[in-house]
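One structure is given here, and the rest of the page talks about it.
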There are 2 protein chains.
Amino acid sequence: MAAPRQEHDVFQAIADPTRRKILRLLVEKELPISEITDQFPMSRTAIAKHLRVLSEAQLVSGKKIGREKHYRLRPESLAELQEWLSYFEQFWNNKLTMLKYRVEHQEDKNSIVVKPTDLGKAKTNKSREGSEF
Amino acid sequence: MAAPRQEHDVFQAIADPTRRKILRLLVEKELPISEITDQFPMSRTAIAKHLRVLSEAQLVSGKKIGREKHYRLRPESLAELQEWLSYFEQFWNNKLTMLKYRVEHQEDKNSIVVKPTDLGKAKTNKSREGSEF
DNA sequence: ATTAAGTAAAACCATTTGGTTTCATTTAAA
DNA sequence: TTTAAATGAAACCAAATGGTTTTACTTAAT
């Protein structure tokens, strides 16, 4: 890994399977490095470096809590990926197909039921509230 | 680059900016290696290797036409990426926010206007026609 | 006040990656 | 039928990547 001297982008950051798994772990809750390390067959130092790459890509952020450093998921940066992908969807499936996919997969707890009225509202609401999209 | 002996996944394939640009080029139309190379400041051989990586990730396919080899975009493999991303969206923006984003960005020629009726239909239609999602 | 836990940082290493140059092969064109 | 265009493939190279071990620094706990 060494010192990632140049700025890491999101694409680079998610290219590594270990880092993707780390992101998955952090979805659940904040975790200190040691606990993250427990989930992998490599050294704590290696994980720390992966966390650094993720951090530089703004996919996670860490704060010190006592003598531990807790890392937290920062999924907002995935917007870049989403945006990149959406470009290809234009020429691939049409948006409606994507919408269908989304809606069909809304069986999880955090999902929101999308009603026609909501969509209509969204369609005219140009302001994207919240950070960056 | 060397010989990519182990199977390349999509995440790896799109990690490189040159490869992402190649994909963008191929959105427009099929292109022979030489024409692709014209768009970059590197050798034809380098581009050929990038195409090999993309090919192994099933993001492009090539067919010989005369003495040229034409490459074509295979966006279906991006589904894997989309699926991975959608997992995080559950905990990030809710689906509605994503829908809003989509709909707000439908000012291109190929887009489909999503009407509330369409969404309603999609929501109950479980069959995902066409290749793979 | 010591000791142990948790991390940070540096030095090191093998493999992969992204590029090059060179040479061979296939196919279109003069 | 030569010749030139387009590609394929191999050998090579520097830098990046993913890992390790070692040493040092903070902070909690005894």
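Reminder, nothing fancy here: chain letters follow the sequence lines and each chain counts from 1.
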When the distance from [atom1] of [X] to [atom2] of [N] is rounded to whole Å, what number comes out?
X: A:L51; N: C:dT7; atom1: CG; atom2: C1'; answer: 12 Å
X: B:H50; N: C:dT20; atom1: NE2; atom2: C1'; answer: 12 Å
X: A:I47; N: C:dG6; atom1: CD1; atom2: C1'; answer: 15 Å
X: B:H70; N: C:dA28; atom1: NE2; atom2: P; answer: 11 Å
X: B:D16; N: C:dT16; atom1: CG; atom2: P; answer: 18 Å
X: A:Q12; N: C:dT17; atom1: CD; atom2: C1'; answer: 10 Å
X: B:R52; N: D:dA9; atom1: CZ; atom2: C1'; answer: 9 Å
X: B:E35; N: D:dT7; atom1: CD; atom2: C1'; answer: 14 Å

Side chain to side chain donor-acceptor pair (under 3.5 Å) partners for [X], two or more places apart:
X: A:K64; value: none
X: A:S61; value: A:R74
X: A:Q58; value: none
X: A:Q39; value: none

Determine whether B:Q12 and A:D16 satisfy the following criterion, side chain to side chain contact (heavy atoms under 4.5 Å, CB included), listing intermediate values before the conclusion. CA-CA 7 Å; B:Q12 272 277 114; A:D16 184 89; over 6 Å; no
May I have all residue pairs that pass ring-ring contact (aromatic ring centres under 6.0 Å, His included) and include part of residues 10-40 of chain A, sequence neighbours excluded? A:F11-A:W84
Do nucleotides 21-30 of chain D as a string where each nucleotide becomes B, S or -: B if the base has a protein heavy atom under 4.0 Å, S if just the sugar-phosphate does, - if no protein is that close. B-----BB--
Could I get the full list of salt bridge (Lys or Arg N to Asp or Glu O under 4.0 Å) partners for B:K29, not counting sequence neighbours? none
Who pairs with A:E35 by salt bridge (Lys or Arg N to Asp or Glu O under 4.0 Å), at least two apart in sequence or on another chain? none
Does this structure show an ion pair linking A:D9 with B:R20, if we count only N-O contacts that are shorter than 4.0 Å? yes
If you take any heavy atom closer than 4.0 Å to DNA chain D, which residues from residues 22-33 of chain A end up in contact? none
